[in-house]
Amino acid sequence: MATLLETLKSISGYPVPKPAFASIAMHRNLRLEDPVDETVLKSKPYRLAKADVMMWISFAPNIRQSDIQFDLLYSDREKLRKAANAVYEELEDEAFIPETKTIFGYKGSRL
């Protein structure tokens, strides 16, 4: 069974740092190591955490190092923000974008 961290990572191939996932999970009262089932996937905290990750990715910079590149088109960023904002509106909540000191670029095994 997948964990919350694995499920949130699967939202995008963008290398979101683990501290960002940890901040989002803590803010939404979730634990990254907990297993995820259908009940969790439909829960308000999970849906808000997923929206937070989409919002975080929508503001992340394009990164490139050697042969590895992560580019997000403006239109893709807008789609992520729209999808996240739809969840916030439906669930009557606000976005949470963690303030993490992030170093962008190739991180070897951290991708």
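Between Asn62 and Leu72, the shortest heavy-atom distance links the atoms OD1-N, 2.7 Å. Shortest non-hydrogen contact noted between Ala84 and Met55 is CB-CE, 3.9 Å. Of all non-hydrogen atoms in Tyr46 and Thr7, the two that sit nearest each other are OH-CG2, 2.8 Å. Taking all atoms of both residues into account, the shortest heavy-atom contact from Trp56 to Pro17 is CH2-CD, 3.4 Å. Taking each heavy atom of Leu30 and Pro45 in turn, the nearest pair found is CD1-O, 3.6 Å. The shortest heavy-atom contact between Val16 and Ile57 is CG2-CG1, 3.7 Å.
Taking CG of Leu5 as the reference point, atom NZ of Lys18 lies at 5.5 Å (rounded to 0.5 Å). Rounding to the nearest 0.5 angstrom, the gap separating the CD atom in Glu94 from the CG atom in Asn85 is 11.0 Å. Here the CG atom belonging to Leu80 is positioned 10.5 Å from the CZ atom belonging to Phe59, to the nearest 0.5 angstrom. The distance from the CD1 atom of Ile24 to the NE2 atom of His27 is 9.5 Å, given to the nearest 0.5 Å. Between atom CG of residue Leu48 and atom CG of residue Leu91 there is a gap of 5.0 Å, rounded to the nearest 0.5 Å. One finds the CE atom of Met1 at 11.5 Å from the CG atom of Asp34 (value rounded to the nearest 0.5 Å).
For Glu92, the CD atom sits in a loose shell: 12 or fewer heavy atoms of surrounding residues, nucleotides or ligands are nearer than 6.0 Å. The number of heavy atoms from other shown groups lying within 6.0 Å of CD (Glu33) is above 12.
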Item to complete: Given side-chain contact (heavy atoms from CB on, under 4.5 Å), test Arg28 with Asp93 step by step and report yes or no.
Response: CA-CA 11 Å; Arg28 300 297 181 190; Asp93 211 306; 3.4 Å; yes

Practice prompt. Begin from the C-alpha positions of Arg81 and Glu78 and carry the test salt bridge (charged side-chain N to carboxylate O under 4.0 Å, His left out) through to its verdict.
Written response: CA-CA 5 Å; Arg81 285 186 201 123; Glu78 285 298 308; 2.9 Å; yes

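In this structure, Ile63 is a member of the same hydrophobic cluster as Ile68, with clusters built from ILVMFWY side-chain heavy atoms closer than 4.5 Å.
The side-chain contact (heavy atoms from CB on, under 4.5 Å) with Thr39 is formed by just one residue from the set Val36, Leu41, Asp37; it is Asp37.
Scanning for side-chain contact (heavy atoms from CB on, under 4.5 Å) contacts around Glu90 gives Arg47, with sequence neighbours left out. By the side-chain contact (heavy atoms from CB on, under 4.5 Å) test, Lys82 is found to be paired with no residue, residues two or more places apart in sequence or in another chain being considered.
Listed for the Tyr88 side chain is a donor-acceptor partner under 3.5 Å among the backbone atoms of Asp52.
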